[in-house]
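For the numbers below, each heavy atom of this structure counts, side chains included, while hydrogens, waters and symmetry mates do not.
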Amino acid sequence: MKDSIKNLLVIILVMFAFLLIYKVHLNYPYPYQDPHYSGFIDNNGYSNYNYPLHGDEWTHLAQAVYLMENKNIPEVNPYLKDTQKLNLESGFHAFLAQFFTLTNLDPILNYQYLPAIFAVISLLTLIILVILITNNFYISLLASLFFLSIKNNVNLMGIWFLVPLTFSIFIIYLFFYCFLNENKKLNYLSILFYLTSIFTYPAATILITLILILYLIINNKFNKYYLIFGVILFLAALFLFRNNLQHLFDVFIFKYGWTGAFEFKYSIIKMYGLIAFLFALIGSIYIYKKRLNKILLMWPLICLIPVIMYSTLKFTLFLPYQRAFFYLLIGLVPLSAIGLYYLLEYVYIFIKKYDKTLAIFTIILLTSLVFISQFNNYYKIEDKRFLPLHFINEDDYNALKWVKENYGTKNLIMTNLLTAFGVYPISQNYVVAMPLSNLGGGDESSVIKFYSSDCQTKKEIILKKKINLVYSYDKINCDFLKKVYNKKVYIYEFKK
């Protein structure tokens, strides 16, 4: 195939990938969660949602905004006053802060484009990695389509969202591309991607390390230099966690309940597809038949171990279940592509003996049917707990911007738990609590009690917590609260 045609196919694929992912913000046709809606779940879909769709996107954005405002790595929960929080993903926050500083873009209104952009970047790095291993452009295209077809939700996450997990995908691909390359300079460059993974998403580092150790042992390449590097890495971990060694153990041991209220056993068939999984099994056979690099088998096998542990022992080692399952799906992608390609090749060769045109038509038809099946109900999420969530809307954005313009920053605001996610990124003010997240939660009981109590109890909570402003979607008739904003959202100032 001519390079010009290959380039055209990649361009078409990139455009498809961007639109596929960005559609979640642009025009989502299925139910979603909306605290502004009386029934909480709106079954009518939505158009043009301009804000992050995942709580973790908001919390990481908050840490990036903190870095932009304070010029230092956040070792705190920016939402809460006087809190300390070990930051294991500072590289991701530094990237976001640098990106929005250099581009001068509004972080809140432009974060919506980043998941689609990084899905494309991950796609391109997957293509070059698969070409390196298989020396086959067609397999890389098939792998890209299988990659895009993986289902997403707010629990397992996925490429609909930009969080350290999904940010790590292209870093992992680039590490193995450089490590497996015959170019020695690129081999050294793999160290840079390995170090990058440490500061952006340690779980990715653990995955890379486990695959690497197994690969080196099986291929008899494990030598003293790798051992020395391992010792240095271990000592670095001890230094990083020197003030909290218990947290070091927590990094490697994940008990049942790691995600709080959202424990859920996933099915490979439902999240990846029966057809895709069968092709992955076929691809595993062809890796031996075609003598391809067995690192393609090691990735899913490494991830399968914690998945099985979770199902049987209710805890996992090295990787939490949800992240191991997501990486398992990512690891199956090249195998599915290899299995489908060689099956199509067999069909093509068989039919070509009778009619070449019919052979071409048949493989195009079969490929189309496979991916029509893969992308069928791509956006539909069965479990209503895991639907996309609108933490804020335009009224909230405008109200919180107004607070910053008129009251400044570092005020303590009483707001409901979900709207709380937008408070610090938009206004750089504090909240009493937010739902349990990667940053913690705060005093959730006081928030729930405040909005369901009488004026006397409200005043006691305000005085105890030293609250400056109250944010509400309903009128509050208490004489100590002065209404200062009323544009579909009510903001009250506490009169001391």
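Within 6.0 Å of the NZ atom in Lys495, the count of heavy atoms belonging to other residues, nucleotides or ligands exceeds 12.
Aromatic ring centres of Tyr310 and Tyr321 lie closer together than 6.0 Å. Close placement of the Tyr378 and Phe375 rings is indicated, their centers lying within 6.0 Å of each other. Between Tyr430 and Tyr79, the distance separating the two ring centers is not shorter than 6.0 angstrom.
In this model, no donor atom of one side chain and acceptor atom of the other lie less than 3.5 Å apart for Tyr46 and Asp34. Looking only at atom types and distance, the side chain of Asn393 has no donor-acceptor partner in the side chain of Tyr49 under 3.5 Å away. Side chain to side chain, Gln374 and Tyr272 fail the donor-acceptor criterion of an N or O pair below 3.5 Å. His93 and Asn87 share a side-chain donor-acceptor pair at under 3.5 Å. Side chains of His36 and Asp42: no donor on one and acceptor on the other come within 3.5 Å. Between the side chains of Glu493 and Tyr407, at least one donor N or O sits under 3.5 Å from an acceptor N or O. Checked by atom type, the side-chain pair Tyr201/Thr196 shows no donor-acceptor distance below 3.5 Å.
The list of side-chain hydrogen bond (donor to acceptor under 3.5 Å, both in side chains) pairs with a residue in residues 65-76, not counting sequence neighbours, is empty. Applying the side-chain hydrogen bond (donor to acceptor under 3.5 Å, both in side chains) test to pairs two or more places apart or on separate chains, those with a residue in residues 409-421 are Asn411-Asn429, Asn416-Thr419, Thr419-Tyr473.
Within the 4.5 Å cutoff, side-chain heavy atoms of Ile426 are placed close to those of Tyr397.
We find that Asp443 and Lys465 are joined by a salt bridge, their nearest charged nitrogen and carboxylate oxygen being less than 4.0 Å apart.
Seen from the ring of Phe450, Lys458 counts as a face-on cation partner, given the 6.0 Å and 45° thresholds.
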